[in-house]
Amino acid sequence: MEQEIPKQYSPHDVEERIYQTWEKSGFFNPDNLPERHKKPFTIAIPPPNITGSLHLGHALNATIQDILIRKKRMEGYRTLWLPGTDHAGIATQNVVEKQLKKEGLSRHTLGKEKFIERIWQWKEQYGNTILEQLKKLGASCDWSRTRFTMDDNYQKAVKEAFLHYHKKGWLYKAEKVINWCARCATSLSDLELEYKEINSKLYYINYPIKDSKNYITVATTRPETMLGDTAVAVNPTDERYKNVVGKILILPIHHREIPVITDEKVEKEFGTGAVKVTPAHDLLDAEIGERHKLPVIKVIGPDGKMTAEAKKICEGTKVSECREKVIEELKKEGALEKEEGYMHNIAVCYRCETPIETIPSLQWFLKMDELAKKAIDTVKNGDIIFHPKRWENVYFGWLNNIRDWTISRQIWWGHKIPIKGEEDVLDTWFSSALWPFATLGWPFDFALGKPKKGSDLEIFYPTAMLSTARDIINLWVARMIFSGAEFMGKKPFNEVIIHATILTKDGKRMSKSLGTGIDPMGLIEKYGSDATRFGLIWQAMGSQDIHWSEEHVLAGRKFLNKIWNASRFILMATDKIVKTYDHRKKNPTEADKALIQYLGSMQKTVNKHVDKYEFGHALHELYDFFWHEFCDIYLETAKKQLQDDEQKENTKELLSYALSTSLKLLHPFIPHITEHIWGLLPHKDKKLLIIEEWEDKTH
RNA sequence: GGGCGACUAGUUCAGUGGCAGAACGUUCGCUUCACAUGCGAAAGGUUGUUGGUUCGAUCCCAACGUCGCCCACCA
C-alpha cells in the first residue's frame, strides 16, 4: 500500500480523470440519479457571454453554485444545474467585426446574411470556451441540457414573449430621445451605459437679447449642440432673470430667434442659472421641450456626424470637430464669455466605450409600469429574498424610477423583432430575461396556464436560487423576476445570492484592459482546481468584497496535501472502512469521545453556514476541524491507541468513520480529491462520493 | 449630488458588550515510523480619528477621515 500511494498529492493526474468518471456516471443529469433523489433542486447558471473567457468572478460564482448543487445532490435532491450561454448581441457582433477588420473586411462589405453566418461560425469555434473552463473547475452541470439563447426553441420563446406583450398593448413604437452609440450604430437602454470621468471644459456663452445691448450667459459642456438650441431656460423663482423671461434671444452663429422660458427642473446654483435647451440632444432638454412645445432641431445624426441643420460651418463634420469650429465662431462674434476646466462624467457605450449621443430615434419600447409593479411586489412580499438583504434597495431604487424599456437594437446579431417589415433585433437582455423557463421548455410545455405534466418545466421550475454579481441586479435579475411572474405566473427563483466582487489586493477593480485581471485557468494549471476553489471560497466571507490574495490558493494546496496524507495514514493503519459508527456500542477513550463531539458539532456548523450561504465560514470550520482536531490531536493519540490491543479495533473504526464523514463534508468544496480518496477506500458497497448520503445517521 | 460598504497582526481576513483570533509570512528548534506542502514553539495589535451611551466599547450610537462600489437628466 505504501509504495502505491505517493507522499505528495498531485492534482493534475487526478482531477481530469475524476471529472471523466463523473461524466461517465451520468449523475450530473437528474434523470440518472438513483431512486432516493426525489425532490427537485434547480439552479440555472447565469449564462456567460459566448465572447467571454472565465474570470475570477465567474469562477467564484460557479464554485458557489457547485457547492450548493453537490450538497443538495448528496442530501438526496434531484439536482439540476442547467448550463448555457448568451448570444450577447452587441458584444459578439463587435468581436466578429474586429476579426473581419483584420481581414480587411467589414460587415457591410460582407452583407447581413454572410455576416450572421460568420458569427455562427465564430460561435461554433469559440462560443463554448467558458463552459469548457467550467468543466476544468469541476462544475457538475448537466451538460446534456446545455442551452443557448439563440437555439431554435429559445428563438420561439422570445417570439412568443414579444407577441404576448404586443397583445397586451405594452409594446409601442415611437420617436423618442434615446441613447445612441454611433460606433455600434444602435440604440442602448439606460442600463447599457457606463460613465467615465473626463477632464472637460465648461463654456460660458453670451446669447444677446433682441433689441437690446444686454445678453444672457449660459454655461455648457457641449457648445456644438447650441446649433440645435430652441430656447434658454431659467428657474421660475430665479430673481436674477425675472426681467428677461419671455424675451427673445438671438442665438449666436445661426442668428435664430429663441425664447427665454422658465422650468422648475433648472438648477439655480449651476453655472449661471440659465441653461440652453436642445430638445433633440439632451434628455432633460427633451423633457423641457415637450412641456413648452419647443421645436426639435436635430443637429447630430445617427452616424455621429453633424446634420444639414448644423448648416455650413459644421455640416458633415464629426461632433468633436464641430465643437472646435463653434468655439472659433463664437470667439469671432465675441460671444464666448469664458471657459473653465471642468471634471464631469460622460456616458459611454458599455461594449465599446464610445461616447453616447442623445438623439431622437424611432424605436420599440416596452411599457414598464405594470411589469415593474410585479417585480416590486414579488420582492416586497418576501416571495424572493436577496442575500444580503441590502441589495433589495438597489433593486427597488431602479424599479421605482423606471422608464419604458427601449428594446429595439439596430444591430444584426440577435432575435429579430417578430413583426413584418421590422428589421431591427431585440435587446439581448430581452431574451436573457426568459432564461429560467425558456431553458426548461417554455412555451412548448406550457398550456392553459400551467406546465405539461412530467415536463422539465413542471419538475424543475421554479429554480431554487440565483447566484450572481451585483452589477446585473437590474439589467438581468429584475427582468427575470417580472418575466417569470408574467409568463409562468410564478417567481423564477426563491432566493437571490449577490456574491462578493473580487478586487485586486489593493482594492481596485480587476480589469482586463488595465492588466489587473487574474486568469483562474492559470491558477488551475498551477495549483489544480480544488486548490483554486479552496482559495476562492476561503476568502468568500459573507458578501464582503474580496481583496484577492493568491496565498490562500497556496494554503488550499497544502490543505489538500494534508488530507491526502492523513488518508494515506488511515489506509495504512486500517483494513476496513466504515461509514457509520455507533459509539454507544463501543467503549470509547476520552480522545475518541472528544473527536466524536467535535465531528458532530462541525457537521452542524457546516450545514448551518452553507444553508445561510456563508461558504467561507463553512470552509474555515472544516479546515480547523480536519487539520487541528483530527490530524494534530486525534491522529497522534490514535497512533498510541493502535498499539493497545483493547483499543485497537475501535480506534481503526473511528479513524475510518471520521475520515469518510470528513470527505463527505469536504466534497462540495473540493470535489476531486475527496472523490479520488473515496475511491481508494475499501468500502463494502462501492458507490461514488458524489451521490453518497450527506447526513450521518449514527449517534 | 444621493445611497451603500469597508477600516482589527507585516499581508488577506474572522470575531465578541467583559483576557483580541485564523491563514499566509517572519524567527527559533526539530529529517519523531501520514505529511518538511510537515511537527513543536515564539515574536507580532492603542481594533482609522473624535465624541457619546454603559460599571465596562474593538463591538452599540453620532460626527469626521480614508478607500471602494452603486445610483443620478447640474447643462
Side-chain angles (χ1 to χ4, degrees), chain A residues 1-2 5-10 177 179 190-191 193 195 202-205 218-223 225-226 229 232-233 235 265-278 281-288 342 344-345 347 358 388 390-391 393-398 400-401 403 470-471 473-474 500-501 503-509 527 531 534-535 538-573 614 616-617 619-621 623-624 627-628 631-632 635-636 638-639 655 659:
Chain A
M1 189 66 86
E2 200 168 356
I5 306 179
K7 282 186 177 183
Q8 284 188 7
Y9 175 64
S10 45
V177 172
N179 308 303
D190 295 338
L191 291 176
L193 309 184
Y195 290 87
L202 195 57
Y203 299 89
Y204 289 79
I205 308 171
V218 300
T220 182
T221 53
R222 302 207 55 191
T225 63
M226 71 167 289
D229 281 3
V232 164
N235 190 288
K265 283 287 177 80
V266 179
E267 302 279 340
K268 284 191 269 190
E269 291 75 24
F270 187 87
T272 59
V275 60
K276 58 192 263 332
V277 182
T278 325
H281 302 294
D282 183 279
L283 213 53
L284 176 63
D285 292 7
E287 215 182 290
I288 295 175
Y342 186 60
H344 74 139
N345 285 330
T358 305
R390 64 186 144 90
W391 292 110
N393 289 331
V394 172
Y395 176 85
F396 290 134
W398 183 67
N400 283 327
N401 299 295
R403 279 207 296 261
R470 70 185 59 151
D471 47 341
I473 288 176
N474 297 324
T501 300
L503 307 170
T504 63
K505 197 160 185 167
D506 42 354
K508 296 274 174 346
R509 230 190 149 72
Y527 304 107
F534 180 100
W538 184 262
Q539 297 181 67
M541 309 300 287
S543 74
Q544 237 23 267
D545 284 353
I546 294 169
H547 289 199
W548 176 255
S549 175
E550 190 167 319
E551 64 208 24
H552 300 299
V553 180
L554 226 102
R557 188 177 63 167
K558 286 163 85 166
F559 184 47
L560 299 184
N561 205 53
K562 191 70 181 176
I563 296 170
W564 180 249
N565 279 293
S567 307
R568 214 160 61 91
F569 169 74
I570 293 166
L571 276 169
M572 284 187 277
E614 292 166 346
H617 292 86
L619 184 57
H620 280 254
E621 197 71 28
Y623 180 97
D624 285 345
W627 198 305
H628 301 302
C631 291
D632 289 351
L635 248 54
E636 293 309 316
K639 285 175 189 171
L655 277 173
L659 177 64

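Quick note on labels: first sequence line is chain A, next is B, and so on, each numbered from 1. Atom set for the values below is all heavy atoms of this structure, side chains included, hydrogens, waters and symmetry mates excluded.
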Between A/T221 and A/Y203, does a side-chain contact (heavy atoms from CB on, under 4.5 Å) hold up when you go through it step by step?
CA-CA 6 Å; A/T221 53; A/Y203 299 89; over 6 Å; no
So, A/N393 versus A/R390: side-chain donor-acceptor pair below 3.5 Å or not? no
- Query: B/A9 and B/C59: how far apart are their P atoms, nearest whole angstrom?
  - Reply: 15 Å
Next item on the list: Considering only atom C1', compute the distance from B/C61 to B/U54 and round it to an integer number of Å.
Entry: 12 Å
Side-chain contact check for A/H617: nearest option of B/A34, B/A75, B/G15 is B/G15
Quiz item: Is the phosphate of B/C39, meaning OP1 or OP2, less than 4.0 Å from a side-chain N or O of A/K562?
Solution: yes
Among the nucleotides B/C24, B/A34, B/C73, whichever has the atom closest to the side chain of A/K558 is B/C24
ask   = Under 4.0 Å between a side-chain N or O of A/H552 and OP1 or OP2 of B/U11?
value = no
Work out how far the C1' atom of B/G10 is from that of B/G17, and round it to whole angstrom.
30 Å
Which whole number of Å gives the distance between the P atom of B/U8 and that of B/C13?
9 Å
Assess whether salt bridge (charged side-chain N to carboxylate O under 4.0 Å, His left out) is satisfied between A/D545 and A/R470, documenting all intermediate values.
-> CA-CA 11 Å; A/D545 284 353; A/R470 70 185 59 151; 2.7 Å; yes
In whole angstroms, the gap separating P of B/C71 from CG of A/N345 amounts to 11 Å
message: When you measure only distances, ignoring hydrogens and angles, does the side chain of A/Q8 come within 3.5 Å of the base of B/A36 through a donor and an acceptor?
response: no
| Think A/Y342 has a side-chain N or O under 4.0 angstrom from the OP1 or OP2 of B/A75? | yes
>> I'd like the P distance from B/A22 over to B/C55, given in whole Å.
In response: 33 Å
Regarding the side chain of A/R568, the nearest nucleotide among B/G38, B/A23, B/C35 is B/C35
A/M541 CE to B/A6 C1', in whole Å, measures 15 Å
Assigned chi class of B/C60 under the 90° convention is anti
- Pairwise P distance, B/G29 and B/G68 [rounded to whole Å]: 44 Å
By side-chain contact (heavy atoms from CB on, under 4.5 Å), A/L283 pairs with (sequence neighbours left out) A/V177, A/R403
Here the distance between atom P of B/C69 and atom CZ of A/R390, to the nearest Å, is 15 Å
A/H547 NE2 to B/C69 C1', in whole Å, measures 10 Å
Rounded to the nearest 0.5 angstrom, the OH-CG distance for A/Y395 and A/N474 is 8.5 Å
Rounded to whole Å, the CG-C1' distance (A/L619 to B/C13) equals 13 Å
Listing for RNA chain B: consecutive Watson-Crick or G-U pair runs of at least 3, distance cutoff 3.5 Å, ranges ordered by first number, gives B:1-7 with B:65-71, B:10-13 with B:21-24, B:26-30 with B:38-42, B:48-52 with B:60-64
Here the gap from A/I546 atom CD1 to A/L503 atom CG, rounded to the nearest 0.5 Å, amounts to 8.5 Å
In whole angstroms, the gap separating P of B/C74 from OH of A/Y204 amounts to 16 Å
If you measure from the P atom in B/G5 to the same atom in B/A23, how many Å do you get, rounded?
-> 30 Å
| Hey, does A/H628 reach any base, or is it just sugar-phosphate, or nothing, if we go heavy atoms under 4.0 Å? | sugar-phosphate
A/Y623 has its side chain closest, among B/U37, B/C73, B/C24, to B/C24
**Prompt:** Parallel, tilted or perpendicular: which fits the ring planes of A/F559 and A/W627, with parallel below 30° and perpendicular above 60°?
**Reply:** parallel
Out of B/C39, B/A23, B/A75, minimum distance to the side chain of A/A555 belongs to B/A23
- Item | OP1 or OP2 of B/C70 under 4.0 Å from side-chain N/O of A/R509 | yes
Any chance the side chains of A/D229 and A/T278 put a donor and an acceptor closer than 3.5 Å?
yes
On the nucleotide B/C39, are OP1 or OP2 found under 4.0 Å from the side-chain N or O atoms that A/W627 carries?
yes
Item checked: Check: A/K7 side chain, B/A34 base, donor-acceptor under 3.5 Å -> no
From CE of A/M572 across to P of B/C33 the rounded distance in Å is 12 Å
Between CD of A/E614 and P of B/A22 the distance, given in whole Å, is 21 Å
Considering only the P atoms, how many Å lie between B/U50 and B/C71, rounded to the nearest integer? 36 Å
Rounding to 0.5 Å, atoms NE2 (A/H552) and CG (A/L619) come to a distance of 11.5 Å
